[in-house]
**Q** 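Below are the structure tokens for one structure; questions will follow.
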Amino acid sequence: MRIEGQIVGVDRMFEGSVVIDEATGLIVSVSEGATGQSDLETKGCLIFPGFGDIHIHAREDPSGTQTYKEDFTSASAAAVNGGVVQVADMPNNPVAPVDEATYAMKERLAAKSDVHVTLYAGIGPKTEPLERHVPYKAFMGPSVGDLFFTSAKQLERQIAKYRGKNVSFHCEDPEVMEAHKGAATHELRRPPEAEISATAFALRLIERYELQGKLCHYSTRDGLPMIVAAKRKGVRVTAEVTPHHLYFDDSILTDENRLWLQMNPPLRSFGDRLAMIEALRRGDIDYIATDHAPHSHAEKLEGHSGVPHLDTLGAFATWLMKEHAFTAMDIARVMARNPGKFVREFLPESLGKGFGEVAPGFVGSLTVLDMETPYVATASKVKTKCGWTPFEGVTFPGSVKYTVLRGKVFGP
Ligand SMILES: [Zn+2]
């Protein structure tokens with residue numbers, strides 16, 4: 001198939017033409033100028049390398065106990081709806097992927113997804129590295145699931161076994177949270193100091209054990225200088241930020257929305273939020289990753305932490321462009337190129353050079369955003385099985401027009 005229009009890369013944007021081989025699903029050529037033979041109507045649109053979301057919770061595992069709120073089929077549909085072509089799924093399941101057998105079982109379940117799924121393996125108090133090359137996730141303290149540590153020493157002993165591996169960290173220090181557990185609100189019980197303290201510890205582990213480290217859902221302004229200093233020193237670390245920490249801050253919390261906007265780490269201050277936006281633009285933060293965490297209505301009202309995001313991610317990108325002057329190239333960097341780079345080493349050979357660039361040999365998966373048609377987020381439009389969005393009623397300036405997966409048009 002051939003798609004013509006405004007093609008966005010990390011360094012430039014140009015009027016051009018992409019040809020995808022539908023048999024292999026890979027891009028065979030990219031050229032400047034147009035032939036007028038486009039298979040898709042792209043007037044008023046920007047053609048991005050397909051967006052990647054390297055932090056989601058699709059909820060499906062061999063136990064099947066959480067598929068009432070999401071599974072790989074519904075998560076894939078939500079991803080396509082939001083212009084997302086590849087995801088990486090977190091391991092905090094009831095039957096967690098922590099060894100060859102449990103990882104392979106989850107991999108078979110993920111095979112039904114249309115978008116490509118990379119699976120993280122969990123690091124818990126008793127786990128060992130897998131023989132195959134996979135990304136890992138370490139939870140430092142209690143969040144959702146059982147894969148957590150109760151002391152820094154216990155965590156370090158485990159991480160020492162994973163020397164040189166790709167390890168992502170959820171940075172919230174359990175001791176700081178324990179000291180604040182009597183505070184009045186969720187936000188106060190998980191204060192910025194918990195993240196800052198855990199950041200210092202995670203960076204030390206990443207350096208000492210030569211990990212390829214990633215800090216998940218980063219949210220505090222005062223932790224950023226540590227990340228920047230570590231990067232300058234040559235420590236291999238990258239960081240994610242979520243749409244909710246870029247869009248919401250604790251000033252908007254009310255009795256009505258507080259439970260719906262509860263997540264870990266929690267919403268921070270206005271100043272933290274603006275600092276995250278600037279850090280993302282500057283490149284101190286590397287990825288937008290959603291932490292898509294579907295919970296049912298009843299669970300949210302019981303105080304479960306996490307919000308769903310896949311359906312709205314493409315539209316959210318247009319908000320960053322229109323409201324915060326992100327260039328299309330900035331968006332290509334933080335939503336396509338960097339997430340693509342993260343998963344590249346874990347992909348099967350059939351996916352060529354992988355995701356994240358519109359260039360020959362890369363996967364022919366593209367996100368086409370309509371910059372002229374606004375999108376009103378509402379529960380009736382989402383495909384996530386949990387059936388709601390934290391952006392209910394929000395109008396984003398643009399929308400997803402097409403999600404192309406390996407040369408096939410999937411929607412939204
Ligand atoms: Zn998460």
Side-chain angles (χ1 to χ4, degrees), residues 55 57 90 92 122-125 137-159 168-206 213-227 230 239-276 279 285 289 291 293 295 299-307 390:
H55 187 147
H57 299 265
M90 285 295 170
N92 56 329
I123 298 180
K137 169 77 179 285
F139 294 83
M140 299 173 90
S143 182
V144 178
D146 298 323
L147 285 175
F148 62 84
F149 294 86
T150 46
S151 78
K153 214 188 255 167
Q154 186 192 29
L155 175 59
E156 176 155 5
R157 239 184 350 250
Q158 271 305 81
I159 291 294
S168 293
F169 291 88
H170 177 131
C171 291
E172 284 188 291
D173 184 330
E175 288 172 32
V176 177
M177 291 194 286
E178 181 65 24
H180 290 79
K181 70 175 181 200
T185 65
H186 181 75
E187 292 68 39
L188 294 171
R189 289 190 286 273
R190 309 181 79 108
E193 302 82 69
E195 184 166 84
I196 293 162
S197 159
T199 302
F201 183 57
L203 290 173
R204 272 202 307 280
L205 294 180
I206 292 165
K214 172 157 67 67
L215 308 183
C216 295
H217 35 58
Y218 213 74
S219 65
T220 52
R221 174 184 48 198
D222 293 343
L224 291 170
M226 283 189 280
I227 300 177
E240 310 168 350
V241 64
T242 67
H244 47 270
H245 289 115
L246 296 170
Y247 191 88
F248 301 110
D249 55 63
D250 61 7
S251 70
I252 57 107
L253 289 172
T254 63
D255 287 344
E256 256 128 77
N257 67 20
R258 179 174 289 283
L259 284 170
W260 293 98
L261 292 174
Q262 178 178 314
M263 70 288 288
N264 304 330
L267 295 183
R268 305 294 192 193
S269 70
F270 176 72
D272 285 314
R273 179 166 78 82
L274 292 192
M276 290 305 121
I285 293 206
D291 198 9
H295 291 296
E299 287 169 332
K300 287 307 288 178
L301 297 174
E302 287 164 8
H304 283 228
S305 291
V307 297

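The basis for the numbers below is simple: all heavy atoms, side chains too, and nothing from hydrogens, waters or symmetry mates.
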**Q** Could you state the interatomic distance from SG (Cys216) to NE2 (His55), rounded to the nearest 0.5 Å?
**A** 5.0 Å
**Q** Would you tell me whether His217 and Glu240 have side-chain atoms, one donor and one acceptor, within less than 3.5 Å of each other?
**A** no
**Q** Of all heavy-atom pairs between Arg190 and Arg268, which one has the smallest distance, and what is that distance?
**A** O-NH1, 2.9 Å
**Q** Taking the side chain as C-beta and beyond, is there a heavy-atom pair between Leu224 and Ile285 under 4.5 Å?
**A** yes
**Q** What I want to check is whether the side chains of Thr220 and Asp222 have a donor and an acceptor closer together than 3.5 Å.
**A** no
**Q** List in chain and number order the residues that pass side-chain hydrogen bond (donor to acceptor under 3.5 Å, both in side chains) with Glu156, two or more places apart in sequence or in another chain; answer none if no residue qualifies.
**A** Arg208, Tyr209
**Q** Shortest non-hydrogen contact from Phe270 to Asp250?
**A** N-OD1, 4.4 Å
**Q** Of all residues at least two apart in sequence or in a different chain, which pass the side chain to side chain contact (heavy atoms under 4.5 Å, CB included) check with Asn257?
**A** Ile252, Leu253, Thr254, Leu261
**Q** Would you check if the side chain of Lys181 reaches a backbone N or O of Val176 as a donor-acceptor pair within less than 3.5 Å?
**A** no
**Q** Please test Leu215 against Ile206 for side-chain contact (heavy atoms from CB on, under 4.5 Å), starting from the C-alpha separation and ending with a verdict.
**A** CA-CA 10 Å; Leu215 308 183; Ile206 292 165; 4.2 Å; yes
**Q** Hey, are Arg258 and Glu187 close enough for a salt bridge, meaning a charged N less than 4.0 Å from a carboxylate O?
**A** yes
**Q** Quick one: does Glu195's side chain have a donor or acceptor within less than 3.5 Å of a partner on Glu172's backbone?
**A** no
**Q** Determine whether the side chains of Thr199 and Tyr218 contain a donor N or O and an acceptor N or O closer than 3.5 Å.
**A** yes
**Q** Quick one: CG on Leu301 to CD on Gln262, what's the gap to the nearest 0.5 Å?
**A** 11.0 Å
**Q** If we ignore angles and hydrogens, is there a donor and acceptor under 3.5 Å between the side chains of Asn264 and His186?
**A** yes
**Q** Pair Leu259, Lys300 - check side-chain contact (heavy atoms from CB on, under 4.5 Å), show working.
**A** CA-CA 6 Å; Leu259 284 170; Lys300 287 307 288 178; 5.6 Å; no
**Q** Once you round to the nearest 0.5 Å, how far does CZ of Arg204 lie from CE of Met226?
**A** 10.0 Å
**Q** Can you list everything that forms a side-chain hydrogen bond (donor to acceptor under 3.5 Å, both in side chains) with Ser269? Sequence neighbours excluded, please.
**A** Asp272
**Q** Please report the interatomic distance CZ(Phe201) to CG(Leu155), rounded to the nearest 0.5 Å.
**A** 5.0 Å
**Q** Take Phe169 and Leu203 through the side-chain contact (heavy atoms from CB on, under 4.5 Å) test and state the conclusion after the steps.
**A** CA-CA 10 Å; Phe169 291 88; Leu203 290 173; over 6 Å; no
**Q** Is there a donor-acceptor pair under 3.5 Å between the side chain of Lys153 and the backbone N or O of Arg157?
**A** no
**Q** Measure across Leu188 and Pro191 and return the closest heavy-atom pair with its distance rounded to 0.1 Å.
**A** O-CD, 3.5 Å
**Q** Might you point out which heavy atoms bring Ser305 and Met263 nearest each other, and give the distance in Å?
**A** CB-CA, 3.8 Å
**Q** What's the separation between atom CE in Met276 and atom CZ in Arg221, rounded to the nearest 0.5 Å?
**A** 8.5 Å
**Q** Compare every heavy atom of Pro265 with every heavy atom of Ser219, then report the nearest pair and how far apart it is.
**A** OG-CG, 3.7 Å
**Q** For residues Gln154 and Pro125, determine if any side-chain heavy atom of one lies less than 4.5 Å from a side-chain heavy atom of the other.
**A** yes
**Q** Look at the side chain of His245 and the backbone N and O of Arg273, then say whether any donor-acceptor pair between them is shorter than 3.5 Å.
**A** no
**Q** Quick check: closest heavy atoms across Gly124 and Gln158, and the distance to 0.1 Å?
**A** O-NE2, 2.8 Å
**Q** How far does CG of Asn92 sit from NE2 of His170, to the nearest 0.5 angstrom?
**A** 10.0 Å
